[in-house]
Amino acid sequence: MTRQTPLHAEHVAAGGKMVDFAGWSMPVNYGSQIEEHQAVRGGAGMFDVSHMTIIDVDGAGAEAYLRRLVANDVAKLKVNGALYGALLNERGGVLDDLIVYRLENGYRCVVNASTRDKVLGWFARHAAPDAQFAEQDLAMIAVQGPDAVAIASEVMGEALAEIKPFAALAAGDALIGRTGYTGEDGVEVMLPGDTAVTLWRRLAAAGVAPAGLGARDTLRLEAGLNLYGQDLDEDTSPLASNIGWTIAWEPVDRDFIGRAAIEPARGQNEEKLTGLLLQDKGVLRHGQVVTTPFGNGIITSGTFSPTMGSSIALARVPRAAKGDCQVDIRGKLKEARIVKPPFVRNGKILVE
Amino acid sequence: MSETPSECRYLATHEWARLEEDGTVTIGITDHAQNALGDVVYVELPEEGQQVGSGEEAGVVESVKAASDIYAPVTGAVVAINAALEDEPEKVNQDPYGEGWFFKVEPADPGELEDLLDADAYQEVCDAEEH
């Protein structure tokens, strides 16, 4: 039985094409994925991300507990601050990526939907007597785009522009983060399901376009943001996944899980995750082989970029690889070029 | 509800074939198919003069979401391709039975069309997929 978010009826009423995603019935689009993508780049769009897993951690030992589990350092956070990081396994592979918010009392972790059981099991396995964790039954709406903060402020009656990027505001029973997964400004609102329905309707009435999982994927890929299970996985080091910057090596005595496995390769990882631009016609896809003068690589995520009008990808290639390369698309070698992501941020194309 | 014109014949893999007055067969993908694929961004067509075999791969259509093979409904030589799709693949979504056609074949045996699904039978295939 697939699970439904509190906004399910809203999606169906808006013509959402519902698909199974990680056990949830979610809208992949409401007609045109490209139009939804462009609504976010050019105005404001909203995503139901209630399928994501929200876990609160509190207790006297909550900070120490998360400093052991998360490769980034939650001790850097002030109240209402947030950070992006990874959960590593002992081998230094990525168990999941997450955002951790520092609340008034404790922490809130937002992890993926597809990894829910695995992460809850991991949290339990590493349980500490003075830290408690509990999954939260909350809905979540991401409002994204250049007009998102202004419209959401108006609708919610809160001065959201005053929230700094990657910070949050607790407003009643809602937590509003200035965060997102699109490369645009915006907020992500965690709130109870019944109030989420009201907020969704009011945002729609204010002109915010509902956008599905399809647009969410093309937007995040243009923004050079990783998708767990494609660009990140349990067998690959974060150093080979373009998220080395999220690892807090200082203080040197913080023994987070996975540190011992990845530290020897620090600064000398053999592979990197980088961007590809297809020079020929066609569409780059997950799993296609990349040939470079420095050795072969593989595409982890590929798509057509609606903003650029051509195909882009993230690929794991030898660390020294740069410049021109070829991609095998159905037996034909097509010309591509290695570029540093992101491809698009804040409505602007950043690569040539 | 998808459009399924009665003058076309169909493959269960969602290609349509229409016998034209000049005896050639025009081929494309159905309204149901373009709707399921979503925004089409790239079409790989056979070459003019190429022989295609009924039920065999003759091209690829890529939407933002995924790549799908296109199968030839009839055997024959490709006599025309819709080159406009190279720059305007969105015509496949906008007009799947008109400007979004893929290629034309000079059929080796026009009788092959009779073996394909008619509009009612194809509509049943689509209905079965949706439920």
Side-chain angles (χ1 to χ4, degrees), chain A residues 12 15-21 26-41 211-222 227 230 278-288 299 301-313 327-332 334, chain B residues 1-3 13-14 29-48 50 52 56-72 81-96 99-100 102-103 126-131:
Chain A
V12 173
K17 189 181 293 176
M18 307 306 288
V19 298
D20 184 353
F21 180 82
M26 301 299 291
V28 65
N29 63 57
Y30 301 83
S32 169
Q33 171 175 346
I34 289 178
E35 285 170 19
E36 291 159 27
H37 178 108
Q38 286 160 345
V40 173
R41 286 272 178 258
L213 292 178
R216 187 168 161 80
D217 192 54
T218 47
L219 287 158
R220 70 91 191 168
L221 194 39
E222 285 185 351
L227 173 62
Q230 289 191 188
L278 184 64
Q279 310 290 302
D280 289 334
K281 296 230 175 205
V283 185
L284 302 170
R285 304 284 184 191
H286 172 82
Q288 289 169 350
I299 290 179
S301 285
T303 193
F304 174 82
S305 158
T307 305
M308 300 173 66
S310 58
S311 183
I312 59 171
V327 179
D328 184 336
I329 301 182
R330 292 180 293 273
K332 290 180 194 151
K334 305 258 186 161
Chain B
M1 185 69 190
S2 305
E3 207 187 319
T13 47
H14 308 290
I29 66 165
T30 66
D31 189 30
H32 175 90
Q34 68 78 18
N35 191 40
L37 283 167
D39 300 296
V40 171
V41 293
Y42 177 66
V43 178
E44 201 171 276
L45 296 171
E47 291 178 10
E48 275 187 50
Q50 186 182 327
V52 296
E56 292 174 10
E57 288 173 25
V60 176
V61 56
E62 299 219 30
S63 67
V64 182
K65 217 183 329 178
S68 307
D69 291 324
I70 305 161
Y71 297 95
I81 58 168
N82 186 1
L85 296 184
E86 188 173 340
D87 291 323
E88 296 175 280
E90 63 272 17
K91 285 181 186 291
V92 176
N93 296 111
Q94 292 161 355
D95 191 9
E99 288 186 23
F102 281 36
F103 58 97
C126 297
D127 292 346
E129 277 183 15
E130 277 165 24
H131 299 292

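All chains are named by letter (A, B, ...) in the order of the sequence lines, taking the proteins before the strands, and each is independently numbered beginning at 1.
Interatomic distance, A:Ile34 CD1 to B:Glu90 CD, rounded to the nearest 0.5 Å: 8.0 Å. A distance of 9.5 Å separates CD of B:Glu62 from OG1 of A:Thr303, quoted to the nearest 0.5 Å. How far CZ of A:Arg330 is from CD of B:Glu57: 9.5 Å, rounded to the nearest 0.5 Å. From A:Leu278, atom CG reaches atom OH of B:Tyr42 across 8.5 Å, with rounding to the nearest 0.5 Å.
Here the closest heavy-atom approach between residue A:Lys281 and residue B:Asp87 is recorded as NZ-OD1, 3.2 Å. Between A:Phe304 and B:Val41, the shortest heavy-atom contact is CD2-CG1, 3.3 Å. Of all heavy-atom pairs between B:Asp39 and A:Gln33, the closest is OD2-N, 3.0 Å.
Both the backbone and the side chain of A:Ser32 come within contact range of chain B, with heavy atoms under 4.5 Å apart. Heavy-atom distances place both the backbone and the side chain of B:Ala67 under 4.5 Å from chain A. The contact between B:Asn35 and chain A is made by backbone and side chain atoms together, counting heavy-atom distances below 4.5 Å. Heavy atoms closer than 4.5 Å to chain A are found nowhere in B:Val43, neither backbone nor side chain.
Counting heavy atoms from C-beta on, the side chains of A:Lys332 and B:Glu44 come closer than 4.5 Å.
Counting heavy-atom pairs under 4.5 Å between each of B:Ser63, B:Gly38, B:Pro89, B:Ala66 and chain A puts B:Ala66 at the top.
Counting heavy atoms of neighbouring residues, nucleotides and ligands inside a 6.0 Å radius, atom CD of A:Gln230 exceeds 12 of them.
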